[in-house]
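Each remark here refers to the structure printed beneath this line.
Residue numbers begin at 1 in each chain, while the letters A, B, ... track the order of the sequences.
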Protein chains: 2
Amino acid sequence: MLDRIKSTKSASGEESETEGGPASLTSRIYARLRADIISGVLEPGAKLKIEDLRQRYDSGASPIREALSLLTSHQLVERLDQRGFRVSSISLEEFDELLKTRCWLEERALRESIAHGDKRWEEELVIAAYRLSRAPRNSGGNPVATNDEWEKLHKDFHLTLISRCGSRFLLNSCDELYDQNVRYRKAASSVAYPERDVRAEHEGIADAVLARDADRAVQRLVAHYTNTGSFLRKHFE
Amino acid sequence: MLDRIKSTKSASGEESETEGGPASLTSRIYARLRADIISGVLEPGAKLKIEDLRQRYDSGASPIREALSLLTSHQLVERLDQRGFRVSSISLEEFDELLKTRCWLEERALRESIAHGDKRWEEELVIAAYRLSRAPRNSGGNPVATNDEWEKLHKDFHLTLISRCGSRFLLNSCDELYDQNVRYRKAASSVAYPERDVRAEHEGIADAVLARDADRAVQRLVAHYTNTGSFLRKHFE
DNA sequence: GCCCTCGTAATAATCGATTTTTTTGCTCTG
DNA sequence: CAGAGCAAAAAAATCGATTATTACGAGGGC
C-alpha cells in the first residue's frame, strides 16, 4: 500500500502537481484510489467496500462515496445500485475494443494536431520525447517494479502528440482510454516487459511528427499500439 | 421474487423504459438532475448549491453530492474543490469542438457499424427510423415545447446507427457527446426550429445505411450535423 | 475615494449514527 | 439432497449535525 500522497490534483481535472498539500479529502482520496486502481493495487473486479476504504483512507463514508462516484464516469469503477462499488473488470474482448478505439481516435487526433500544431507545440514535443528517452522504465534495476516517473513522462509524451487536435472532447477521451490501457498493461505485464525497442518507436513517432509527415506518423503510432497490444494480449493467456 | 429486483437502473448505465420505479435516492436524483441540465431547466453556468438542491429534491446532502459527482464525469457538471458544483458552462468555441468531434467519431462509428451490422441491426434501425418519423417534434402544437418522446426516439435512432461499431468506448463517447449536443440545442433553440426538412434527412441517412453505402451514409450524416450545427450557431447570436 | 483587513454570514465538506437493503447461513420441507 | 423460507449479519444508503472554507461587506487607514 502506498501510504504517501504524492500529488494532489483536483478530482475533476488535471492541473497543479506542485501542491503536495491540502485539498478536499475527497480529492485526495480520489487521487489515491485512482492511482491504486490504475496501478492494479486494487485488482479489476475487486469489491470496494465502503467500510474497508474508510479504514484504509481514514475518513468518513461521504468522501469515499464521492470519490468513487467521480471514478465511475471514467470507467474505472462500476457502481451498482444498492450493491456498492467495484473496480471495473477487464476482459480480452474489452481490451481489443480499447486498442481499436485508441487507434481510431488517436489517428484522427494526431492528424489534426500535425495539421494545426505550432512551433511551441513542436518544442513541447521535443522536450517530452527527450525526457521520456532519458527516463528508466523500471526503478532500481528491478525489472518488474514500474517507475512512476516513467509512467508520467510516457503519458505526457503521448498526450502531447495529440494536444493540438483542437477538441477538448477528443483529448479527454484519449486521456481516459490511455489510463484504461495502463490498467491493462499493469494487469498483464506483472511478468515481463517487451524486449523490442519501445524507445526507438517513440523516437520514430516524434521524428515523423516533427517532419509533419502525417501518414508516416500515424502508421508508426498505430504500429506502436498494435505491437504493444499483441504483446500484452499474449500475457493475458 | 423476481419482480422485486427487475427494474433497478443504475445511475451510471442506461435507463430502462419502465421508469418511475424504485431505485436509490441517489439514482433518482441523478436522473432528474441530468434531465434538468440537458433540458436547460438548470442553466449552463448556474451554481448548484447543495442546500438548494436538498430542498428541491428533498434529500440529505449525501445523495445530492453523489449524484453531482456522477454527473461531473459526463461533463455536465463542473466541480471545484471547496467551491461546490455548477452546471458546465457552454461556449461557441466549445460548440465548434463538439460538432467537429461528433463528425469525427460518428463517421468512424458509422462505417464500422455498416461493415459489421447484421440483419437484426438493420431491423432495429428500420424500427427506430419509423418510430422517429411518426413522432411529432413538438408537443401539443406548441412550437417551442419540446416533445420528450421525440427526444428519446431521436437519440435512439442516432445511437442505433452506430450501435454495431464494435467498441463500447466509442459508443459511450458518442452517447455523451450526443447529450452535450442536446444541451446546446436547447440552449440555442429556445426560439425556433429549423425550417428545413430534418425528417427527410433522417430518412436519407437510414436509406443509405440500409443500402450499406458507407460513403453516402457518412456524407449525409455529417451534412445533417453540419446543417444543424450552423443553424444552432446562428441562434447563439 | 479606494483598497485592505477582519469579522460574519453563507456554503461546502465531512463525520457519526441510523435506516434500508442485500447477503449469508441455517433449518425445514418434500 | 435441492430448494424455499427466515433471521441474523453485513453492507449500502441516507440523514442530521458539526466543522472547515470561502464569499461578503462594513469599517478604517492612506
Side-chain angles (χ1 to χ4, degrees), chain A residues 5 8-13 15-16 19-34 42 45-73 76-88, chain B residues 1-13 16 20-34 42 45-73 76-88:
Chain A
I5 306 169
T8 316
K9 44 180 176 182
S10 152
S12 33
E15 74 243 24
S16 65
E19 333 191 356
S24 65
L25 224 201
T26 297
S27 293
R28 280 175 311 199
I29 292 175
Y30 168 86
R32 292 180 61 186
L33 264 174
R34 187 188 141 101
L42 291 171
K47 188 87 182 52
L48 293 166
K49 292 185 200 159
I50 305 296
E51 191 49 37
D52 290 355
L53 297 175
R54 269 179 46 135
Q55 305 237 266
R56 177 168 183 164
Y57 297 120
D58 187 40
S59 87
S62 313
I64 300 284
R65 299 191 118 261
E66 219 175 303
L68 288 171
S69 297
L70 288 168
L71 287 164
T72 52
S73 33
L76 290 171
V77 166
E78 283 166 14
R79 183 193 125 97
L80 288 149
D81 232 53
Q82 315 299 123
R83 289 191 200 174
F85 301 85
R86 56 180 54 229
V87 179
S88 291
Chain B
M1 245 20 41
L2 291 175
D3 52 29
R4 269 180 57 209
I5 41 176
K6 72 173 166 196
S7 73
T8 317
K9 63 177 182 180
S10 121
S12 38
S16 73
S24 65
L25 225 200
T26 297
S27 292
R28 280 174 312 198
I29 293 175
Y30 168 87
R32 293 181 60 185
L33 264 174
R34 186 188 140 108
L42 291 170
K47 188 86 181 53
L48 293 166
K49 292 185 201 160
I50 305 295
E51 191 49 36
D52 290 355
L53 297 175
R54 268 181 48 136
Q55 306 240 272
R56 176 167 185 163
Y57 297 119
D58 186 41
S59 86
S62 313
I64 300 284
R65 295 184 65 81
E66 219 175 304
L68 288 170
S69 297
L70 288 168
L71 287 163
T72 53
S73 32
L76 290 172
V77 165
E78 283 168 13
R79 182 193 126 97
L80 288 151
D81 232 53
Q82 291 336 104
R83 288 189 201 176
F85 300 86
R86 56 180 54 230
V87 179
S88 292

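- Listed by chain and residue number, A:Glu51 satisfy the salt bridge (charged side-chain N to carboxylate O under 4.0 Å, His left out) test with A:Arg54 (two or more places apart in sequence, or in another chain).
- In this structure, a donor-acceptor pair under 3.5 Å is present between the side chains of B:Ser27 and A:Arg79.
- When the side-chain nitrogen and oxygen atoms of A:Arg83 are compared with OP1 and OP2 of D:dA11, none of them lie within a distance under 4.0 Å.
- To the nearest 0.5 Å, atoms CD1 (A:Ile29) and CG (A:Leu70) are separated by 11.0 Å.
- Annotation: the terminal axes of the helix from C:dG1-D:dC30 to C:dG30-D:dC1 meet at 20°, where each axis is the rotation carrying the C1' atoms of four end pairs onto the next four (5 pairs per end, rounded to 10°).
- B:Arg56 pairs by the salt bridge (charged side-chain N to carboxylate O under 4.0 Å, His left out) definition with B:Asp36, not counting sequence neighbours.
- Protein atom CD1 of B:Ile29 is 8 Å distant from nucleotide atom P of D:dT14, rounded to whole Å.
- For B:Lys49, counting side-chain heavy atoms from C-beta on, the closest listed nucleotide (C:dT11, C:dA13, D:dA23) is C:dT11.
- Side-chain contact, B:Ser69 with B:Thr72: no donor N or O sits under 3.5 Å from an acceptor N or O.
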Dump the pairs, protein N or O against N or O of nucleotides 5-8 of chain C, anything under 3.5 Å, distances to one decimal.
none

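- Computed from coordinates, the A:Ile50 CD1 to C:dT19 C1' distance equals 16 Å when rounded to whole Å.
- Rounded to an integer number of Å, the gap from A:Asp81 CG to C:dT23 P is 12 Å.
- The side-chain hydrogen bond (donor to acceptor under 3.5 Å, both in side chains) check on B:Arg83 picks up nothing, with sequence neighbours excluded.
- Distance CD (A:Glu51) to P (C:dT23): 18 Å, rounded to an integer number of Å.
- To the nearest angstrom, P of C:dA12 lies 10 Å from CG of B:Leu68.
- In summary, B:Glu78 and B:Arg86 do not engage in a salt bridge, as defined by a charged side-chain N under 4.0 Å from a carboxylate O.
- In terms of the side-chain contact (heavy atoms from CB on, under 4.5 Å) criterion, residue partners of B:Ser62 (sequence neighbours excluded) are, by chain and number, A:Ser62.
- Between A:Lys47 and the phosphate of D:dA12, there is a side-chain N or O to OP1/OP2 separation shorter than 4.0 Å.
- Note: CZ (A:Arg54) to P (C:dG16) measures 7 Å, nearest angstrom.
- Under the 4.5 Å side-chain criterion, counting only non-hydrogen atoms from C-beta, B:Ile64 is not in contact with B:Leu48.
- Using a 4.5 Å heavy-atom threshold, the side chains of B:Lys47 and B:Phe85 count as separate.
- The two residues B:Gly60 and B:Pro63 make their nearest non-hydrogen contact at O-CD, 3.4 Å.
- The nearest whole Å value for the distance from the CD atom in A:Glu66 to the C1' atom in D:dA12 is 16 Å.
- Contacts between residues 57-64 of chain A and DNA chain C, defined by a heavy-atom separation below 4.0 Å, involve A:Ser59, A:Gly60, A:Ser62, A:Pro63, listed by number.
- Taking only side-chain nitrogens and oxygens, A:Thr26 comes nearer than 4.0 Å to OP1 or OP2 of C:dT14.
- Protein atom CZ of A:Arg86 is 10 Å distant from nucleotide atom P of C:dT23, rounded to whole Å.
- In terms of modelled atom types and a separation under 3.5 Å, the side chain of A:Asp81 and the main chain of B:Ser24 share a donor-acceptor contact.
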